[in-house]
Amino acid sequence: MKISKEVQAQARRLMRLCIGADGLMNEATIRQVADKIATEKPRNYLALLTAFTELVRQERAAHTATITSAVPLTAAEQAAITAKLNARHAGLIYEWQVDSTLIAGLTVKVGDNVTDSSIRTRIEQLSKTL
């Protein structure tokens, strides 16, 4: 579906209304905006709803921390990681994953930023330099 610049601008304005003073999305406001678009059906409402949904998805991805470890982390380890990340980024949503191919270590992804301290990556880097 082709989304015009006008519709994209309108979706961005609606998205700004859904961001609170703390810089975080307000889920209730997002639902109200989406419901209002769906019920009133303004001109190009499908394109507007699509653009708005994409902006919400992008904003949520920017505030999601995905932590992948080689073994399941204990509650204390998760709390320590959460505390360090909360000091840098407010209002993160945490997703914990286990990937045994990492061998050891962690990868932390917050939005587009990835910090990879896994043994697998270090071995791959060493193999490239040899």
Side-chain angles (χ1 to χ4, degrees):
M1 169 185 299
K2 180 85 170 151
I3 299 174
S4 69
K5 289 181 181 181
E6 294 169 10
V7 171
Q8 289 174 343
Q10 189 176 9
R12 283 191 300 272
R13 284 192 299 272
L14 291 171
M15 188 63 203
R16 279 193 295 269
L17 293 172
C18 297
I19 306 274
D22 56 359
L24 302 175
M25 292 186 303
N26 184 336
E27 186 176 337
T29 308
I30 290 170
R31 289 184 190 281
Q32 288 176 346
V33 168
D35 288 343
K36 187 95 165 164
I37 293 170
T39 56
E40 289 191 5
K41 297 183 181 179
R43 195 172 120 223
N44 294 327
Y45 79 96
L46 286 176
L48 178 60
L49 199 54
T50 301
F52 180 71
T53 304
E54 178 62 19
L55 289 174
V56 169
R57 187 196 61 75
Q58 289 173 358
E59 187 68 22
R60 179 173 163 77
H63 288 91
T64 299
T66 304
I67 297 94
T68 307
S69 61
V71 296
L73 299 174
T74 65
E77 291 169 332
Q78 288 182 358
I81 292 169
T82 301
K84 287 184 180 184
L85 288 175
N86 281 339
R88 292 184 186 175
H89 310 280
L92 288 176
I93 300 164
Y94 291 94
E95 294 179 0
W96 304 92
Q97 299 177 349
V98 176
D99 181 3
S100 60
T101 64
L102 293 180
I103 303 171
L106 296 170
T107 62
V108 179
K109 180 180 178 195
V110 178
D112 291 337
N113 298 325
V114 177
T115 303
D116 190 345
S117 62
S118 66
I119 299 300
R120 178 183 67 191
T121 301
R122 291 182 186 179
I123 290 172
E124 288 172 359
Q125 289 172 346
L126 283 172
S127 68
K128 288 180 183 178
T129 59
L130 299 177

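Any value given below was found using the heavy atoms of this structure, including those in side chains, with hydrogens, waters and symmetry copies removed.
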Each residue besides [X] in its hydrophobic cluster should be listed here, by chain and number; the cluster joins Ile, Leu, Val, Met, Phe, Trp and Tyr at side-chain heavy-atom distances under 4.5 Å.
X	answer
V114	none
I119	I103, I123
L126	none

Give a yes or no on whether [X] and [Y] share a hydrophobic cluster (residues Ile, Leu, Val, Met, Phe, Trp, Tyr; joining criterion: side-chain heavy atoms under 4.5 Å apart).
X	Y	answer
L46	V7	yes
I3	L48	yes
V33	Y45	yes
L73	V110	yes

request  = Tell me, please, which residues at least two apart from E59 pass side chain to side chain donor-acceptor pair (under 3.5 Å).
outcome  =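 E59 satisfies side chain to side chain donor-acceptor pair (under 3.5 Å) with H63 only.
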Contacts under 3.5 angstrom, residues 12-22 side chains, donor-acceptor by atom type, not counting sequence neighbours:
from: D22; atom 1: OD1; to: L24; atom 2: N; distance (Å): 3.1

Ion pair R31/E27, N-O distance below 4.0 Å =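 Salt bridge flag = yes for E27 with R31.
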query = What residues, two or more places apart in sequence or in another chain, satisfy salt bridge (charged side-chain N to carboxylate O under 4.0 Å, His left out) together with R60?
reply =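 Residues passing salt bridge (charged side-chain N to carboxylate O under 4.0 Å, His left out) with R60: none at all.
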ask   = By salt bridge (charged side-chain N to carboxylate O under 4.0 Å, His left out), which residues pair with E77, not counting sequence neighbours?
value =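 Once residues adjacent in sequence are excluded, E77 has no partner under the salt bridge (charged side-chain N to carboxylate O under 4.0 Å, His left out) criterion.
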For E54, all residues meeting side-chain contact (heavy atoms from CB on, under 4.5 Å), sequence neighbours excluded =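 If we apply the side-chain contact (heavy atoms from CB on, under 4.5 Å) test to E54, skipping adjacent residues, the hits are R57, Q58.
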ask   = Listed by chain and number, what are the side-chain contact (heavy atoms from CB on, under 4.5 Å) partners of V98, not counting sequence neighbours?
value =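 Checked V98 against side-chain contact (heavy atoms from CB on, under 4.5 Å); matches are S69, P72.
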Sequence neighbours excluded, every pair satisfying salt bridge (charged side-chain N to carboxylate O under 4.0 Å, His left out) that has a member inside residues 34-43 =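 Of all non-adjacent pairs touching residues 34-43, those that pass salt bridge (charged side-chain N to carboxylate O under 4.0 Å, His left out) are K36-E40.
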Residue pairs, two or more places apart or on separate chains, that pass salt bridge (charged side-chain N to carboxylate O under 4.0 Å, His left out) and touch residues 92-106 =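 Checked against salt bridge (charged side-chain N to carboxylate O under 4.0 Å, His left out) - neighbours excluded - the pairs reaching residues 92-106 are D99-R120.
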message = Is it the case that over 12 heavy atoms from other parts of the model lie below 6.0 angstrom from the CD atom of E6?
response =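 Counting neighbours around CD of E6, 12 or fewer heavy atoms of other residues, nucleotides or ligands fall under 6.0 Å, so no.
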Just list the side-chain donor-acceptor pairs under 3.5 Å for residues 78-93, sequence neighbours left out, or say none.
from: T82; atom 1: OG1; to: Q78; atom 2: O; distance (Å): 2.7
from: N86; atom 1: OD1; to: Y94; atom 2: OH; distance (Å): 2.8
from: N86; atom 1: ND2; to: T82; atom 2: O; distance (Å): 3.3

inquiry  = What's the separation between atom NZ in K109 and atom OG1 in T66, rounded to the nearest 0.5 Å?
reply    =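 Taking NZ in K109 and OG1 in T66, the distance rounds to 6.5 Å.
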